[in-house]
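This report concerns only the one structure given below.
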Number of protein chains: 2
Amino acid sequence: MSQKPSQVLGGKVEVGETQEGISKRPMIDFHEIDEGLVEKMVYDALVWSSLHGLVVGDKSVQRSGKVPGVGMVHAPFALFPMPFPESHWKQAYELSPIFNELVDRVSLDAKFLQDSLSRTKKVDAFTSRLLDIHSKMLEINKKEDIRLGLHRSDYMLDEETKQLLQIEMNTISSSFPGLGCLVSDLHRSLLNHYGEYLGLDSRRVPNNPAATQFVEALAKAWTEYNNPRSVILFVVQPEERNMGGQEVAIVYFRAGYTPIDYPSESEWRARFLMEQSSAIKCPSISYHLVGTKKIQQELAKPNVLERFLNDKEDIAKLRKCFAGLWSLDDSDIVRKAIEIPGLFVMKPQREGGGNNIYGDDVREALVRLQKEGSEADAAYILMQRIFPTVSHTFLMREGICYKDDTISELGVYGAYLRNKDKVILNDQCGYLMRTKVSSSDEGGVAAGFAVLDSLYLT
Amino acid sequence: MSQKPSQVLGGKVEVGETQEGISKRPMIDFHEIDEGLVEKMVYDALVWSSLHGLVVGDKSVQRSGKVPGVGMVHAPFALFPMPFPESHWKQAYELSPIFNELVDRVSLDAKFLQDSLSRTKKVDAFTSRLLDIHSKMLEINKKEDIRLGLHRSDYMLDEETKQLLQIEMNTISSSFPGLGCLVSDLHRSLLNHYGEYLGLDSRRVPNNPAATQFVEALAKAWTEYNNPRSVILFVVQPEERNMGGQEVAIVYFRAGYTPIDYPSESEWRARFLMEQSSAIKCPSISYHLVGTKKIQQELAKPNVLERFLNDKEDIAKLRKCFAGLWSLDDSDIVRKAIEIPGLFVMKPQREGGGNNIYGDDVREALVRLQKEGSEADAAYILMQRIFPTVSHTFLMREGICYKDDTISELGVYGAYLRNKDKVILNDQCGYLMRTKVSSSDEGGVAAGFAVLDSLYLT
């Protein structure tokens with residue numbers, strides 16, 4: 001699992017070997033690939049990134065991230081698309097509109113949301129604030145006729161059972177629709193040039209229109225709002241913006257999903273005002289709450305999906321992708337998790353990544369919570385640990401090509417728009433493939449060593 | 001003329017005022033432009049740059065320029081397109097095929113090249129080496145049946161006479177066709193959004209297909225070479241590259257125009273071998289020599305154009321754009337230049353920019369050369385100094401918006417391809433507009449404070 005970086009300089013690359021020698025995917029035998037070919041592909045891929053906007057802010061440059069256009073570096077990406085069974089890809093796409101519908105139905109059941117999150121409320125201040133806003137909207141009987149959801153449901157492929165299992169549902173600020181699309185374009189471009197040497201066909205990399213489709217969904221929601229002089233507000237920083245007296249048709253939250261985005265009461269007041277306004281919120285407070293881990297866990301309980309959906313086939317499809325999910329008041333499961341912690345992941349309520357608990361830390365955390373005997377356990381859920389297929393991959397970061405064992409996570413974007421009883425849009429919107437070094441427990445391209453990837457359908 | 005930088009942070013920009021308050025162009029009154037509007041345009045322009053590949057290597061980042069995809073920053077650009085008379089723009093386009101033809105005709109007159117450069121040869125080692133290669137090709141009676149020229153002729157608009165005057169003709173490594181095109185796209189995009197507030201119409205920014213047309217010309221030359229298994233070799237560094245046994249159809253010199261590109265004899269041997277080969281050279285050694293300042297000056301002499309062209313109208317058109325050009329053995333002109341140095345520029349033979357002599361330095365250099373009495377004066381030519389129109393401009397560099405007085409230089413790309421008697425291509429290929437702070441004497445976007453720009457036809 002050791003990373004052996006090899007720097008690309010002046011168009012030259014040396015690629016280090018890993019200690020484990022077996023690629024578990026038969027599709028591309030990475031040991032057979034000519035080094036000179038990899039070198040050329042690395043160079044072309046880096047140039048392509050610069051020319052097509054596959055770039056991010058370089059944290060090592062001071063003004064990067066504050067001023068656009070300065071301190072840029074290519075986004076981390078995989079050199080090759082990741083082999084993935086076409087049947088599972090289709091399954092994930094098929095699930096997208098069902099999840100969209102489920103989120104909408106659950107969002108309308110205020111009692112279910114409040115009840116399910118009642119224990120969480122006591123231990124998690126952030127979820128508590130969201131629930132407060134939710135309660136106030138109930139008090140004033142606030143209705144959201146036009147509802148817009150731009151979600152992303154994330155999955156992993158379990159190696160042993162060969163099942164596609166859901167990791168989580170993102171209902172706020174679903175990231176990377178733009179950069180994800182570009183990586184598909186990059187891989188198709190590389191395979192158009194080098195595919196014949198690799199025995200790979202660029203047409204097996206599915207088209208990825210995520211960015212366009214999300215923008216189209218926003219445009220459709222704006223049309224539905226039906227005021228040609230209104231604007232779309234993007235909340236990108238936790239501060240109130242001068243709206244220049246224009247009516248806001250849609251509030252799109254690219255921020256607001258983590259306590260850091262609310263440094264003072266004024267951000268909470270802003271969120272409250274926005275929720276109270278007639279603008280379409282993406283997401284509304286209800287949609288936001290549906291995306292919590294606790295609701296994911298509640299929905300996985302027996303007979304809960306049946307409260308929200310009628311179609312038995314749809315329910316079966318959803319249930320098939322549910323991993324084991326339990327609250328910490330299930331003492332049998334807690335006992336089992338202390339015994340074999342490697343089979344579980346402990347997840348906090350909140351979004352943002354980087355806070356999951358794995359391995360022996362699961363045991364330690366559970367034992368500590370038991371001793372404390374408080375309600376602090378309500379801040380977590382337990383999830384079956386998924387063991388995804390391990391692949392040998394070339395990863396590009398900061399101009400350097402690494403070769404390592406990796407696991408991948410597939411996200412499928414979904415867009416949902418309805419106005420009262422009329423469903424205007426309910427569709428899948430492309431995908432996000434993220435590949436990370438398998439020795440790392442945490443995901444997130446921005447956080448650790450993970451890269452943007454695309455699919456090669458098998 | 002003082003630069004008052006104002007940093008763009010978090011989408012905010014303050015734009016400093018210059019001391020001189022009069023914009024000499026009536027088209028856009030920069031003092032009337034709303035600051036908030038400029039702020040928005042700056043932000044949008046910087047984001048656009050990142051997403052569309054309007055980026056260059058940031059010299060302050062260590063590996064930048066060596067490894068693609070790292071250490072990128074937006075290319076310096078003007079926030080608004082530069083007003084420019086449509087008639088002069090059309091004139092420059094019309095001149096392009098005539099200059100293409102002239103370069104070809106002159107390149108065939110080996111005696112003219114050798115005689116014109118005979119004095120230069122004695123004092124300029126670099127030109128001397130090029131002439132050596134040229135001589136050897138004459139000895140072996142080397143013929144270039146297929147000739148490809150990708151040129152750029154640069155002009156300035158003289159404020160007093162309102163004439164379009166040629167600065168120089170580039171026959172090797174004509175730079176910026178790619179980035180130049182992008183700035184036109186950027187400006188059209190900005191005017192599509194903000195044009196109505198500014199009273200500007202994006203359709204007045206001419207389409208700029210330079211990059212595409214140069215690539216098409218290369219493709220046509222490759223087709224003419226008529227070997228489907230042959231490749232195009234880009235000489236980008238002064239080292240011999242492994243060609244993998246493939247036949248080379250075209251050698252495109254992106255390097256090789258400055259002594260720095262020939263650190264040892266092996267680079268000269270490589271250049272010689274390439275010239276000797278059957279590959280199409282872009283440029284051939286003859287085309288390269290035609291691009292020297294000395295040849296430009298010789299062609300400006302009375303009755304010289306007539307040696308190469310028959311069409312009297314064409315000759316008149318060319319002559320109309322010639323600035324005054326003299327060799328330093330013209331004692332009357334040297335005397336005048338010592339007297340009024342501000343009316344002249346001293347230019348060395350070689351390309352690369354940054355070596356021109358202006359103002360009082362012209363007097364000093366001429367007096368020194370007279371005292372020395374050597375032939376060193378043959379390394380320079382004297383050129384009429386052009387006083388271009390000064391415009392008030394917003395310039396973007398490293399995320400910062402500057403407001404200053406500037407002058408602009410228009411380059412028009414031209415492509416020429418012939419096979420024996422058949423002219424396959426002879427056309428203009430889009431343009432390059434460069435705008436620089438008028439207090440600076442030297443051009444070159446990479447060297448000083450100059451930015452890429454586009455045209456706004458008036």
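To find a chain, count down the sequence lines: A is the first, B the second, and so on, and within it residues start at 1.
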key: chain A contacts, top residue of G53(B), G69(B), S49(B) (heavy-atom pairs, under 4.5 Å)   = G69(B)
message = Within this structure, what is the CD1-CZ distance for the pair I400(B) and R63(A), rounded to the nearest 0.5 Å?
response = 4.5 Å
task = With sequence neighbours excluded, tell me which residues meet side chain to side chain donor-acceptor pair (under 3.5 Å) with Y431(B).
result = S184(B)
inquiry  = If you compare all heavy atoms of M72(A) against all heavy atoms of H74(B), which two are closest, and at what distance to 0.1 Å?
reply    = CE-N, 3.6 Å
query = Under the salt bridge (charged side-chain N to carboxylate O under 4.0 Å, His left out) rule, what pairs show up with a residue in residues 180-190 of chain B, not counting sequence neighbours?
reply = D185(B)-R188(B)
request  = Under 4.5 Å heavy-atom distance to chain A, tell me which part of V47(B) shows up: side chain, backbone, both or neither.
outcome  = both
ask   = Measuring from H52(B):NE2 to H52(A):NE2, what's the distance to the nearest 0.5 Å?
value = 10.5 Å
message = Test side-chain contact (heavy atoms from CB on, under 4.5 Å) on V55(A) and V55(B); report intermediate values, then the result.
response = CA-CA 10 Å; V55(A) 295; V55(B) 295; 6.0 Å; no
